[in-house]
Amino acid sequence: MKTKVNKKAAQFDELSKKLHDLSIVMLQVRKWSGAKRLRPEDFPDQDNLPPMEAISLGSKRLIANEHLAPFTRLRQQAITACHEVGVKFWGGSVFAVPNRKMATLKRQLDRISEEFAAEKRKFLMSYDERFERWVTGFPDFEGVLRDSKVTKEYIDNAMSCSFAVCHITPSKDPGEVHKTLAGLTGELLGDIADVATKLFESFPTTRSINQRQIRVLKRLADKVAGLEFLDSGIYPVRAMIEEFVGSVPTDTALDPGQTGRYLALLQTLASPEAVQKIMSAAHDEGRPQEDVDQHPPSTTAGTTVGQGNLFSMPF
């Protein structure tokens, strides 16, 4: 009896350590829309409305979209940087990231935040001039647009780029911890399937496989390697990707035989059922049969992370 208790305690400690090996990164990137809500009194003459450049979907545009593009680009860069090494956690712009990847990720996010702040300073310095150029382009509606102008202080407060890093304190309930790990593994499998599906669907357009697609697979393998401690069954999936990437040229397009292997790999990775079979086989090989019978693998691609009694502590 004591042996069983000790075994369960050791299993729980192992599960808890996996959560301790993760950091939670919360992105907060806010950008001004460059528009203001339309009011009925803005354009009482419904037969004389501004062109679509100036109004759309219930809002009136106060500045050209092109001037806001840098902030959209930087927001996407921040999300991509987190997504390349981590998985979504509790939805939104919150990611679970391996601790050993945090130093590099933090440098990337710091650089993006600094660039965002620099772009915002440039935007605010040129705001008045760009606003004037915009509204004078619509002389029949200049008065309405001019009356809607927002202050630089408003824009300054509406735009920011920052992030916070927290650690997880596991629940005392082993079931909650297991459910959270299963959910994170499910997110990882969902990400694998998404990447594979997009690559597969792009093939009819490109009709050839070049180094860009191979680099995408290599980044995917690196991501899986960083997170495979969540579930030992994911190792052979990562090995499949690495084996293929290591067997093809690094400077030329793939030949027909290599292209066939590439498409077969993508079909496997894009199928949650196929990946589950690979993981189940790995679990069965790595555990005693009586343990397999009592605790079959339960990870499911796309599983939502269970919040349970987990909470995050800032540091």
Side-chain angles (χ1 to χ4, degrees), residues 25-86 88 90-95 97 104-165 194 198 202 205 212 215-216 219:
V25 179
M26 297 175 286
L27 288 179
Q28 186 176 44
V29 185
R30 298 162 55 235
K31 56 192 186 71
W32 181 48
S33 66
K36 202 169 180 183
R37 182 171 297 178
L38 275 174
R39 302 170 302 174
E41 58 270 27
D42 286 336
F43 305 108
D45 183 1
Q46 297 298 305
D47 294 325
N48 185 29
L49 294 175
M52 292 302 293
E53 301 101 293
I55 64 168
S56 64
L57 299 176
S59 63
K60 48 201 168 186
R61 179 145 297 284
L62 304 179
I63 200 164
N65 255 331
E66 64 193 67
H67 302 312
L68 299 169
F71 306 106
T72 301
R73 171 179 57 81
L74 290 168
R75 179 178 182 276
Q76 189 55 50
Q77 280 186 17
I79 292 172
T80 299
C82 291
H83 218 158
E84 284 193 343
V85 294
K88 285 286 189 74
W90 288 348
S93 298
V94 183
F95 297 85
V97 176
T104 300
L105 178 61
K106 186 176 182 302
R107 284 194 295 271
Q108 288 178 284
L109 295 180
D110 282 338
R111 176 193 61 76
I112 291 169
S113 297
E114 291 168 5
E115 188 176 345
F116 191 101
E119 289 288 352
K120 185 169 81 165
R121 287 192 295 270
K122 286 164 52 179
F123 180 86
L124 291 174
M125 287 176 60
S126 59
Y127 170 60
D128 290 330
E129 177 188 345
R130 288 172 172 174
F131 176 81
E132 288 297 321
R133 193 183 312 150
W134 178 256
V135 299
T136 54
F138 306 97
D140 293 342
F141 309 98
E142 182 175 343
V144 171
L145 295 176
R146 194 175 293 283
D147 289 343
S148 302
K149 184 180 182 181
V150 299
T151 64
K152 289 183 180 181
E153 290 73 21
Y154 174 89
I155 299 172
D156 190 18
N157 291 327
M159 301 174 76
S160 65
C161 180
S162 61
F163 65 96
V165 181
D194 285 345
K198 288 175 182 174
S202 71
T205 303
R212 186 190 70 79
R215 284 194 296 271
V216 172
R219 288 196 297 270

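The analysis underlying the following values was restricted to heavy atoms, covering all of them including side chains, and did not include hydrogens, waters or symmetry mates.
- Between Arg73 and Glu115 there is a salt bridge, since at least one side-chain N of the basic residue sits less than 4.0 Å from a carboxylate O of the acidic one.
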*What do the steps show when you test Thr136 against Arg146 for side chain to side chain contact (heavy atoms under 4.5 Å, CB included), and what is the final call?*
CA-CA 9 Å; Thr136 54; Arg146 194 175 293 283; 4.3 Å; yes
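- Interatomic distance, CH2 of Trp134 versus OH of Tyr127, reported as 12.5 Å (0.5 Å rounding).
- Between Lys31 and the options Leu68, Ile155, Leu74, Thr72, a side chain to side chain contact (heavy atoms under 4.5 Å, CB included) holds for only Thr72.
- Aromatic ring centres of Phe95 and His83 lie closer together than 6.0 Å.
- Using a cutoff of 4.0 Å between basic side-chain nitrogens and carboxylate oxygens, Glu114 and Arg111 are not scored as salt-bridged.
- To the nearest 0.5 Å, the span separating CG on Asp147 from CD on Glu142 amounts to 10.0 Å.
- Nearest approach of Cys82 to Val25, heavy atoms of both residues: SG-CG1, 4.1 Å.
- Across all their heavy atoms, Met159 and Phe116 have their closest contact at C-CE2, 4.1 Å.
- Side-chain atoms of Lys149 do not come within 3.5 Å of backbone N or O of Leu62 as any donor-acceptor pair.
- Annotation: Lys152, atom NZ; neighbour count of heavy atoms from other residues, nucleotides and ligands within 6.0 Å is above 12.
- Each of Thr104, Asp110, Leu105 was scored for a side chain to side chain contact (heavy atoms under 4.5 Å, CB included) with Arg107, with one residue passing: Thr104.
- A donor atom on one side chain and an acceptor atom on the other are found under 3.5 Å apart for Thr80 and Gln76.
- Between the side chain of Arg130 and the backbone N or O of Leu124 there is no donor-acceptor pair closer than 3.5 Å.
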TODO: Show the numbers, then the answer: is there a side chain to side chain contact (heavy atoms under 4.5 Å, CB included) between Ile112 and Val29?
DONE: CA-CA 10 Å; Ile112 291 169; Val29 185; over 6 Å; no
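- Checked by atom type and distance alone, the side chain of Arg75 never pairs as donor or acceptor with a backbone atom of Cys161 at under 3.5 Å.
- Of the candidates Arg133, Met125, Glu132, Glu129 forms a side chain to side chain contact (heavy atoms under 4.5 Å, CB included) with just one, namely Arg133.
- With Trp32 contributing its side chain and Tyr154 its backbone, the two residues share no donor-acceptor pair below 3.5 Å.
- Across Arg61 and Gly34, no two heavy atoms sit closer than the pair NH1-O, 3.3 Å.
- Residues Lys106 and Phe163 come closest through the heavy atom pair CG-CZ, 3.9 Å.
- To the nearest 0.5 Å, the span separating NZ on Lys120 from CG on Asp156 amounts to 4.0 Å.
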